[in-house]
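Structure, as structure tokens:
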Protein chains: 2
Amino acid sequence: MTTSMTASGPLPYKTIGRLSQYRRLLGLRLAMGQRNVYSHELAAFAGVTAAQVRRDLMIVGAKGSPTKGYDVHALIECLGGVLDDPAGQRAALVGIGNLGRALLTYFHGRRPKLSIVAAFDVDAAKTDRVICGCRCYTMDKLAEVVVAEKITVGILTVPASEAQHVAAELEAAGVSGLLNFAPQPLRVGPHTYAEDLDMTMTLERVAYFARRNR
Amino acid sequence: MTTSMTASGPLPYKTIGRLSQYRRLLGLRLAMGQRNVYSHELAAFAGVTAAQVRRDLMIVGAKGSPTKGYDVHALIECLGGVLDDPAGQRAALVGIGNLGRALLTYFHGRRPKLSIVAAFDVDAAKTDRVICGCRCYTMDKLAEVVVAEKITVGILTVPASEAQHVAAELEAAGVSGLLNFAPQPLRVGPHTYAEDLDMTMTLERVAYFARRNR
DNA sequence: TGTTGTGAATCTCTTCACAGCT
DNA sequence: AGCTGTGAAGAGATTCACAACA
């Protein structure tokens, strides 16, 4: 009752984010022994409309039934087929500060198909050991480890002044996706995907709409 | 050469985020002694088009000149008039883990009009002292401190299982904006603005587009 | 010439609304 | 009766393109 092997072009940006959220709820429902789920249930969980959920699932080719909704197990498989690389993807984190450690801890052993397998820092006191289940190296090992571990995703938790420079190093080493937490938008080549997650900007936006909304 | 006292309705969501980025570059340029700036310079910094920058600045009523571009000082004032509450806004952080500490450290003394003035945690070992320049309290003091300190923004860095419950407490205490780092979208009332910043979701999206983009 | 300010066109995303199914 | 799947409409955000200006 699911899948469909149409590879097609990349899915919409927003849809990909929501699929990740739907998958989380599906995991919970599976653990609770629920076999099926309706679009309005996924919608309530993700904070979107039921029509939005059905549209997203239509885009990925998932099929439901008017009486039973969507089959939880089949839907998890379907979303995995979209979100996960069958061969798995490995990520490296650069910058082992509080934020870096939070991410290492949070992702450790959580997603089998997407794991952080190496961390880097300029500070020798933090490297050449295992932190939060992840091997830590000095920066001069970066290119070598990225190649050896087949790392394709880089996570930047470095100061703003270092971000662009580190991004270029990761890109040169063969990484094709970057998630940047530094408050400095990255400039990358056309074959690299970079997303900036600027917490200062987000907090200022929350503060703005908190005032306007009241 | 700037401002304009039209209060009007709330500005577009995306625009607000970019204004925050423009302001950061403007601060750097001011420190470097530059008196003016062109839309294409702001654009290159923020990773958007020059037309986008001009559109954003038009929306907030900033004025430039064809020969000199925009006056840096006047533009900072103008953006401050939009982004900042004249009376200042105070935020509380709930959940003093690695992520919470990263945020406390990063925001400490950075924005005069938006500061984190209190932190909360269930763990008594982390409370009743100052961490990263911020006073830490036990959870049972939450409502009391929110009222006493006139806190209007809440930042959630708690486990997913606690997020909705903590959000409701903050909302009940009078907070009108929430920034949620837990991987669990918040449900809030119509007078509260909540934004979810889900790092797992974002990393999965980066991984997806990293594969597709290569 | 090179820039701003902006209407119009375009693109992307969301919601509506309803046929079709069980 | 209540749900899915989806064309069509709508809303929101971006880019185009060019007049006006210094």
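In what follows, chains carry the letters A, B, and so on, assigned in the order in which the sequence lines appear, proteins first and then strands, with residues in each chain numbered from 1.
As a whole-Å value, the separation of Leu75(B) CG from dT3(C) C1' is 15 Å. Atom OH of Tyr38(B) is separated from atom P of dG5(C) by 13 Å (rounded to the nearest Å). Residue Lys63(A) contributes atom NZ, which lies 13 Å from atom P of dT22(C) at whole-angstrom precision. One atom, CD of Gln52(B), and another, P of dA13(D), lie 10 Å apart when rounded to the nearest Å. When the P atom of dT6(C) is taken as reference, atom CG of Leu57(B) falls 12 Å away, rounded to whole Å. For the pair Asp56(B) CG and dT14(D) P, the interatomic distance rounds to 7 Å; values are reported in whole Å. Separating the CZ atom of Arg55(B) from the C1' atom of dC18(D) is a distance of 13 Å, rounded to the nearest angstrom. One interatomic measurement links the two molecules: NE2 of His40(B) to P of dT1(C), which rounds to 16 Å at whole-angstrom precision.
Between Lys14(A) and Arg54(A), it is Lys14(A) whose nearest contact on DNA chain C lies nearer the 5' terminus. If Tyr70(A) and Ala51(B) are placed on DNA chain D by their nearest nucleotide, the residue sitting closer to the 5' end is Tyr70(A). Comparing Pro66(A) and Met58(A) by the nucleotide of DNA chain D that holds the closest heavy atom to each, the one mapping nearer the 5' end is Pro66(A).
Taking the side chain of Thr49(B) as heavy atoms from C-beta on, and the options dT4(C), dT15(D), dT6(D), the nearest nucleotide is dT15(D).
Here the straight-line distance linking atom CZ of Arg90(B) with atom CG of Leu114(B) works out to 10.0 Å at 0.5 Å rounding. Between Glu171(B) atom CD and His191(B) atom NE2 the span is 10.0 Å, to the nearest 0.5 Å.
No side-chain N or O of Arg187(B) forms a donor-acceptor pair with one of Gln164(B) less than 3.5 Å apart. Counting only N and O atoms by type, the side chains of Tyr70(B) and Asn36(B) include no donor and acceptor under 3.5 Å apart.
Between Arg18(A) and dT14(C) there is a side-chain N or O to OP1 or OP2 distance below 4.0 Å.
Residues Arg205(B) and Asp198(B) are not paired through a salt bridge, judged by the lack of any N-O separation under 4.0 Å between the basic side chain and the carboxylate.
Using a 4.0 Å heavy-atom criterion, one finds that Ser65(B) contacts the sugar-phosphate atoms exclusively. Ser39(B) comes within 4.0 angstrom of the backbone, heavy atoms only, and of no base.
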